Amino acid sequence: VVIDQLTTYQESVKKDSTRQMIALDSLIPDILYDLRYATENNFMRRRMYPAATHRTFLRKAAALALAGVQQELKQQGLRLKVFDAYRPYSVTVAFWELVKDERYVAHPGKGSGHNRGLAIDCTLIDSAGHELNMGTGFDDFTSQAHHHYTQLPQEVLNNRQILRKAMEKGGFAPYESEWWHYAWPDNRQYEALDI
């Protein structure tokens, strides 16, 4: 099911407040955004969202959990930088038309956790706002981006482990092919959105 009308989404929230989408910066004021799909700096090489996009969203439970992750990381002098969270279903369709590989993009017949507002792409930054070295960039479709890939410097492996440990403690599950991608459980209980 894909909800493509704002009024339909609003009615679903009235029936069940857990379906509410929360702007991450409203809960986590010090979160940093680098929304790649609002720029041409992504694997599609074109803007997938309006250029004015400067914030993103998650469903209520996932957003609250992410706020907890940020608090946990701050105790280590770190913060989150977000590349993507909620992604309209129509963007997933465009991704599939180019890539057609379920290791890296969702099949439109299934939709994705991003379409449901329950997945996040992120990395770690230090107190000065510099990204920690994760071994590859965001949206790297090679085996080096996989969690199980260990032929990397120890610093990179440690940084990935810090992110993974914090996200898992917050209730998010890692996606094996992408060190940056984490999902909230039971996302199939929510409709995909295209609003």
Side-chain angles (χ1 to χ4, degrees), residues 1-6 8-9 12-13 18-28 31-50 53-67 69-70 80-123 137-141 145-147 163-164 167-168 170-195:
V1 176
V2 178
I3 292 178
D4 60 1
Q5 297 293 319
L6 184 59
T8 306
Y9 157 73
S12 75
V13 171
T18 66
R19 297 189 177 288
Q20 181 181 4
M21 298 286 279
I22 305 284
L24 296 182
D25 59 350
S26 69
L27 278 178
I28 314 168
I31 201 162
L32 187 64
Y33 288 140
D34 181 10
L35 301 180
R36 295 290 181 87
Y37 302 123
T39 73
E40 294 177 3
N41 183 18
N42 60 67
F43 76 94
M44 296 290 286
R45 303 287 185 249
R46 60 187 167 108
R47 271 191 208 122
M48 303 307 296
Y49 304 148
T53 301
H54 63 281
R55 63 195 325 213
T56 190
F57 303 80
L58 286 175
R59 299 277 186 171
K60 187 176 186 177
L64 290 168
L66 195 70
V69 171
Q70 179 85 326
L80 292 169
K81 178 190 268 190
V82 176
F83 298 123
D84 197 27
Y86 165 65
R87 178 184 304 156
Y89 175 77
S90 56
V91 174
T92 291
V93 172
F95 285 179
W96 183 256
E97 288 171 359
L98 179 67
V99 177
K100 291 190 173 78
D101 184 338
E102 287 191 68
R103 290 176 301 165
Y104 304 110
V105 298
H107 190 289
K110 300 174 185 173
S112 77
H114 285 288
N115 302 150
R116 292 171 173 83
L118 293 166
I120 185 157
D121 296 335
C122 59
T123 192
F138 169 65
D139 270 353
D140 180 294
F141 298 157
H146 295 200
H147 280 283
L163 177 60
R164 183 174 181 149
M167 295 298 285
E168 287 180 330
F172 292 88
Y175 182 65
E176 183 53 42
S177 299
E178 301 172 345
W179 61 258
W180 57 84
H181 179 102
Y182 290 86
W184 193 247
D186 302 324
N187 70 44
R188 299 292 176 189
Q189 296 179 16
Y190 293 79
E191 306 86 0
L193 302 175
D194 196 26
I195 53 175

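Note that the structure is predicted; figures quoted are calculated from it, not measured.
- Using modelled atom types, one side-chain atom of Q70 and one backbone atom of L80 make a donor-acceptor pair closer than 3.5 Å.
- Considering all non-hydrogen atoms of both residues, K110 and E102 come closest at NZ-OE1, 2.9 Å.
- Atom OH of Y104 is separated from atom CG of D140 by 8.0 Å, given to the nearest 0.5 angstrom.
- Of all the heavy atoms in R55 and A23, the pair that sits closest is NH2-CB, 3.3 Å.
- A donor-acceptor pair under 3.5 Å is formed between the side chain of N42 and the backbone N or O of R45.
- With sequence neighbours left out, the salt bridge (charged side-chain N to carboxylate O under 4.0 Å, His left out) criterion links K60 to no other residue.
- For the pair M44 and D139, the minimum side-chain heavy-atom distance is 4.5 Å or more.
- Under a 3.5 Å cut-off, the side chain of N115 and the backbone N or O of L193 do not form any donor-acceptor pair.
- R19 is listed as a side-chain neighbour of E191, based on a closest heavy-atom distance under 4.5 Å.
- Side-chain contact between T18 and Y190 is present, with at least one heavy-atom pair separated by less than 4.5 Å.
- Between atom CZ of residue R36 and atom CE of residue M48 there is a gap of 15.5 Å, rounded to the nearest 0.5 Å.
- For the pair T92 and A106, the tightest heavy-atom approach, listed with the atom from each and the gap, is CG2-O, 3.6 Å.
- Put simply, the side chain of C122 reaches to within 4.5 Å of the side chain of L163, judged on heavy atoms.
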L98/V105 under side-chain contact (heavy atoms from CB on, under 4.5 Å): CA gap, chis, key distance, verdict: CA-CA 10 Å; L98 179 67; V105 298; over 6 Å; no
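- Between Y175 and H147, every side-chain heavy-atom pair lies at or beyond the 4.5 Å cut-off.
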Steps toward side-chain contact (heavy atoms from CB on, under 4.5 Å) verdict (V69, M167): CA-CA 6 Å; V69 171; M167 295 298 285; 3.7 Å; yes
Test log, rule side-chain contact (heavy atoms from CB on, under 4.5 Å), inputs Y182 and L66: CA-CA 11 Å; Y182 290 86; L66 195 70; over 6 Å; no
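- No donor-acceptor distance shorter than 3.5 angstrom exists from the side chain of D121 to the backbone of F83, with no hydrogens or angles considered.
- R103 forms no cation-pi arrangement with F141, by the criterion of a distance under 6.0 Å to the ring centre and an angle within 45° of the ring axis.
- The side-chain heavy atoms of I120 and L24, taken from C-beta on, include a pair separated by under 4.5 Å.
- Taking CG of L64 as the start and CD1 of I28 as the end, the distance is 9.0 Å to the nearest 0.5 Å.
- Closest approach of I31 to V82, counting heavy atoms only: CD1-CG2, 3.5 Å.
- The aromatic rings of W184 and F172 stand perpendicular to each other, their planes meeting at an angle above 60°, with 30° marking the opposite boundary.
- The shortest non-hydrogen separation linking A85 to L58 is CB-CD2, 3.8 Å.
- Minimum interatomic distance between A94 and R46 (heavy atoms only, all atoms of both residues): CB-NH2, 4.1 Å.
- Two residues are said to be in side-chain contact when any heavy atoms from C-beta on lie closer than 4.5 Å; V99 and F43 meet this criterion.
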side-chain contact (heavy atoms from CB on, under 4.5 Å) assessment of T123 paired with F138: CA-CA 9 Å; T123 192; F138 169 65; over 6 Å; no
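- Counting only distance, with no hydrogens or angles, the side chain of Y37 and the backbone of R87 share no donor-acceptor pair below 3.5 Å.
- The shortest side-chain heavy-atom distance between R59 and Q20 does not fall under the 4.5 Å cut-off.
- D84 contributes atom CG, which lies 10.5 Å from atom CG of D34 (distance to the nearest 0.5 angstrom).
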